[in-house]
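These notes concern the structure reproduced below.
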Amino acid sequence: MFCNVLRASRSFYLSSKAFHLPTVIIGSVSYSGIFSTMREVKVKGVSSLCTLDSNGESHILQSELASDSQRNSSLNVQFTPEIEKKYVHHVYDAIAPHFSSTRFAKWPKVANFLSSLPSGSLVLDAGCGNGKYLGFNPDCFFIGCDISAPLIKICADRGHEVLVADAVDLPYRTGFGDAAISIAVLHHLSTEGRRKKAIEELIRVVKKGGLVLITVWAVEQEDKSLLAKWTPLTQKYGEEWIGPGSPRVRSPSSCTLESIPETEENGFGEHKKDSGQSYMQSLQEITSQSESYSGASTDVKNANNQQEYFVPWHLPYHRAEVSGASACALANGLAKKDDKKGAVVYNRYYHVFSEGELERLVAGIDNAVIVDRFFDKSNWCIVLEKKL
C-alpha cells in the first residue's frame, strides 16, 4: 500500500513539475510522450532565448550572456557528423525489429546496478534501444530515450515511457533523475568531443549524489575472432569526419531508410536509385578501400592501434523489404547483399574504447567522480557519482 502511494505521489510530481505531455508522432502512429520543460527554446520573432522555470513562467535571456566561442563549440559538438547519420541512425532505423528480436538478455552487472537503486528512484536510460532495461526494477520509475524512432516505437508499444532524443542533448532539466544509464551507446559517437558531451549530459540530468552507469565496447575483445569480421576504417576515412572545426555540411540523401516490419517478407522488386550523389560514391570507394585494408597482413602494426570499425549486421532476406528500404540502402552503398548467408549486410560505425579511455574522458569533468570501474563481457564500464 505504501509503495502504491509513493508511486502515485512521484508520478504526480513528475507530471506537474518537470513535464508537459505533447503528442509524439512516430511514423503514422501517435503516442503521448514525456518531455521535459525545455531549458532553451527559440521564441518566434525574437532573437534571444527563452527559458521556462518550474512554475511555467518564461524569462528572456539575452544572447549576449553566452560568448560566441561557447555557442560555436556547443553547436560543433551537437552537429551530427555524416558518418553517424549514415552508419548509425539510418542503419538502426532499418534493422530495428530484427535488432530488437535479438536484444532480450540482461547483463548481470547492469541488472545488479539497477537492482541496487533505492525504491522510488527515477532512472533515465539514454540510448534505451528496444527498452530491455526499462522497468527492470519494479520499485523504480524509468524513462527511456533513443535517437531511433522505430526502436522508440517498439518501446512505446510495450507500454514504456519513452521519447526520441539525442544522447549529446538530453531533453531533461538539470538534476531531474536519481540515476542514469548509457549501455553500449558512446561507441557510436564519432568524435571525442561528442563522447565527452554525452557523458556530461548524463551527469547533468541526475541529482547531486546520483549515479551514472556507462558501458562501451572494448578494443580488447575477449573473442579475438570477432575482429576479423570487422572492417577497420582507414586513416583517410577517419580524417573526413574527425578533425578541427565542425564537420562539412553535406546535402542529405534523397532516400531515407524506413523500419522493416518483422512480418513483412517481400521479394526483389524495382526500386528508385539515388540521384548519384558524389558523396555516396566516395563512401562506397572508401568502404572498398577499408575492406581491402582489413585483409592486408602488412597492416598488423596499425591494427594494434585500430579503434574505428565498421561492424556488420546481417538482416536475413526474409526480414528485409528489398523492394523498399533495403533496396534503397543497397543502391546507396549503405548495405550489400550476401547471398551465401541470405542476408542484407549493413555496416554500423563503432569507436571501440581502449583501457582507461573512459576514465580520461571523465577526468576533465569537475562535478563527478568515478566510484567503480570494471571490464565485463568485452565492455569497459564505469559508475560515476555526481558531486555538485
Side-chain angles (χ1 to χ4, degrees), residues 1-37 89 92-108 110-167 170-173 176-185 202 205-206 213 215 258-264 319:
M1 180 66 181
F2 174 79
C3 183
N4 291 336
V5 172
L6 178 62
R7 284 179 174 275
S9 174
R10 187 59 178 273
S11 179
F12 173 77
Y13 170 79
L14 297 183
S15 61
S16 63
K17 291 214 170 184
F19 296 114
H20 60 276
L21 300 173
T23 298
V24 182
I25 305 297
I26 304 176
S28 60
V29 183
S30 63
Y31 296 92
S32 292
I34 292 187
F35 287 83
S36 70
T37 298
H89 301 180
Y92 279 99
D93 285 352
I95 68 173
H98 184 233
F99 175 81
S100 177
S101 69
T102 67
R103 293 302 185 266
F104 49 85
K106 279 73 172 176
W107 291 359
V110 179
N112 290 341
F113 174 84
L114 294 174
S115 297
S116 70
L117 297 174
S119 179
S121 294
L122 173 61
V123 185
L124 307 176
D125 187 346
C128 63
N130 70 340
K132 72 175 184 178
Y133 291 111
L134 298 178
F136 176 80
N137 184 339
D139 295 325
C140 295
F141 299 88
F142 289 79
I143 300 175
C145 69
D146 200 282
I147 198 67
S148 171
L151 284 173
I152 286 298
K153 181 181 182 301
I154 290 172
C155 295
D157 288 345
R158 294 174 177 176
H160 298 303
E161 294 287 1
V162 291
L163 61 151
V164 174
D166 195 327
L170 296 177
Y172 312 117
R173 62 176 171 79
F176 176 50
D178 298 294
I181 61 175
S182 172
I183 310 302
V185 175
L202 290 165
V205 299
V206 299
L213 170 63
T215 78
E258 301 294 338
S259 180
I260 303 164
E262 290 188 59
T263 57
E264 205 157 4
R319 292 285 187 96

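Everything numeric here is computed off the predicted structure, so don't read it as measured data. We count residues from 1, following the sequence as given.
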| Inter-residue atom distance Arg319.CZ - Ser101.OG, 0.5 Å rounding | 4.5 Å
| message | So, using ring pair (Phe, Tyr, Trp, His ring centres under 6.0 Å) as the criterion, who are the partners of Phe136 when residues are at least two apart? | response | none
| Under 3.5 Å, side chain of Asp178 to main-chain N/O of Leu122, donor-acceptor pair present? | yes
| Which atom pair, heavy atoms only, marks the closest approach of Gly120 to Phe141? | O-CD1, 3.7 Å
| message | Determine whether a donor-acceptor pair (N or O, by modelled atom type, separation under 3.5 Å) exists between the side chain of Tyr92 and the backbone of Pro150. | response | no
| Of all residues at least two apart in sequence or in a different chain, which pass the side-chain contact (heavy atoms from CB on, under 4.5 Å) check with Ala180? | Leu124, Leu202, Val206, Val212
| Backbone N or O of Gly129 within a donor-acceptor pair of the Asp146 side chain at under 3.5 Å? | yes
| request: Measure the CG-NZ distance between Asp93 and Lys153 for me, rounded to the nearest 0.5 Å. | output: 13.0 Å
| field | With Leu213 via side-chain contact (heavy atoms from CB on, under 4.5 Å) - residues at least two apart | value | Val110, Phe113, Ile181, Ile183, Thr215, Phe374, Val383
| Between Ser115 and Asn137, do the side chains contain an N or O donor and an N or O acceptor separated by less than 3.5 Å? | no
| When rounded to the nearest 0.5 angstrom, what distance separates CG in Asp139 from CG in Leu114? | 12.0 Å
| said: Can you tell me how far apart NE2 (His160) and CD1 (Ile154) are? Round to the nearest 0.5 Å. | reply: 11.0 Å
| query | What pair of heavy atoms forms the shortest contact from Cys140 to Pro118, and how long is it? | reply | SG-O, 3.6 Å
| For Val185, side-chain contact (heavy atoms from CB on, under 4.5 Å) partners two or more places apart | Ala167, Ser182
| task | Say whether, by atom type as modelled, one donor and one acceptor occur between the side chain of Asn130 and the main chain of Arg103 under 3.5 angstrom. | result | yes
| Partner set under side-chain hydrogen bond (donor to acceptor under 3.5 Å, both in side chains) for Arg158, not counting sequence neighbours | Ser100
| Is the backbone of Tyr133 close enough, under 3.5 Å, to the side chain of Lys106 for a donor and an acceptor to pair up by distance? | no
| Under the ring pair (Phe, Tyr, Trp, His ring centres under 6.0 Å) test, residues paired with Phe142 that sit two or more places apart | none
| Considering all heavy atoms of both residues, which atom of Cys155 and which atom of Cys128 are nearest to each other, and what is their separation? | SG-SG, 4.1 Å
